Asks: 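A single structure is presented below for examination.
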Amino acid sequence: DSGVTQTPKHLITATGQRVTLRCSPRSGDLSVYWYQQSLDQGLQFLIQYYNGEERAKGNILERFSAQQFPDLHSELNLSSLELGDSALYFCASSVGTDSGNTIYFGEGSWLTVV
Amino acid sequence: QKEVEQDPGPLSVPEGAIVSLNCTYSNSAFQYFMWYRQYSRKGPELLMYTYSSGNKEDGRFTAQVDKSSKYISLFIRDSQPSDSATYLCAMSVPDSNYQLIWGAGTKLIIKP
């Protein structure tokens, strides 16, 4: 158990809908990362937050947004969902943002868009 | 060309064999090198973490970094069926805005 908690574990939704994925980082970790992993694809970095502020953006679509709250939990919002958005979405956390910080992953939220 | 190249496999070996997994990279500024193990539909789990060059050993696992060749390796001795997973390499430059660059992952199958 990495200490990173993600909910829900699985969800199925229809195209055009909106979903929210939730992440609680490890105790003491200030940095949260979101990744997308499609079937048989590598990890795609989406976005990073540090202590409530956006720190870095990766290949995140405009239909997707995220935020980190004062209690450090984070949410990833996916809207106008398309079939191609079906993927595993991972949250990860680390203590800080500097290189050398170990990143710990949650178990992921499996999203199926039908 | 991707910054980090990793053969996706699958790599299939018999139980007990020594496994060698590799990544090559193009950015000579990378200093932090990591190997993660990912079981099917589970979150990646950190296996090995190395700073700069050299070897690091942890039980049956050895991580090796050759910066002159821009090449990193993960060796697994006495491989077990439970080692069957996808192995991802990741690396980063010394930076205050830490970003990991990931390999695509190699799927490893250990046959009993």
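Just so we're clear, the structure is a prediction, and the values are computed from it rather than from any experiment. To find a chain, count down the sequence lines: A is the first, B the second, and so on, and within it residues start at 1.
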Asks: Considering only heavy atoms, which portion of B:Q38 lies under 4.5 Å from any heavy atom of chain A: side chain, backbone, both, or neither?
Replies: side chain

Asks: Would you indicate whether the side-chain heavy atoms of B:Y36 and A:I103 approach each other to under 4.5 Å?
Replies: yes

Asks: Assigning hydrophobic clusters by single linkage (Ile, Leu, Val, Met, Phe, Trp, Tyr; side-chain heavy-atom cutoff under 4.5 Å), is B:I72 placed with B:M48?
Replies: yes

Asks: Grouping I, L, V, M, F, W and Y whenever their side-chain heavy atoms are under 4.5 Å apart, do B:L47 and B:F75 come out in a common cluster?
Replies: no

Asks: Group every Ile, Leu, Val, Met, Phe, Trp and Tyr by side-chain heavy-atom contacts under 4.5 Å, then state whether A:L61 and A:L76 land in the same group.
Replies: yes

Asks: B:W102 and A:F105: aromatic ring centres closer than 6.0 Å?
Replies: yes

Asks: Can you tell me how far CG of B:L46 sits from OH of A:Y104, rounded to the nearest 0.5 angstrom?
Replies: 6.5 Å

Asks: Nearest 0.5 angstrom please: B:L100 CG to A:Y33 OH, how far?
Replies: 7.0 Å

Asks: Give the cluster check for B:V93 versus B:Y71: same hydrophobic cluster or not, with ILVMFWY residues linked at side-chain heavy-atom distances below 4.5 Å.
Replies: no

Asks: I need the A:L43 CG to B:I101 CD1 distance, nearest 0.5 Å.
Replies: 12.0 Å

Asks: So with a 6.0 Å cut-off around CD1 of A:I12, is the heavy-atom count from everything else above 12?
Replies: no

Asks: Following the transitive rule for hydrophobic clusters with a side-chain heavy-atom cut-off under 4.5 Å over Ile, Leu, Val, Met, Phe, Trp and Tyr, establish whether A:V32 and A:L30 coincide in one cluster.
Replies: no

Asks: Would the number of heavy atoms belonging to other residues, nucleotides or ligands and lying under 6.0 Å from NZ of B:K42 be above 12?
Replies: no

Asks: Heavy-atom cut-off 4.5 Å, strictly under: side chain, backbone, both or neither for A:Y35 against chain B?
Replies: side chain

Asks: Return the NE2 to CZ distance between A:H10 and B:R41, rounded to the nearest 0.5 Å.
Replies: 8.0 Å

Asks: State the CD-CG distance between A:Q37 and B:L88, to the nearest 0.5 angstrom.
Replies: 7.0 Å

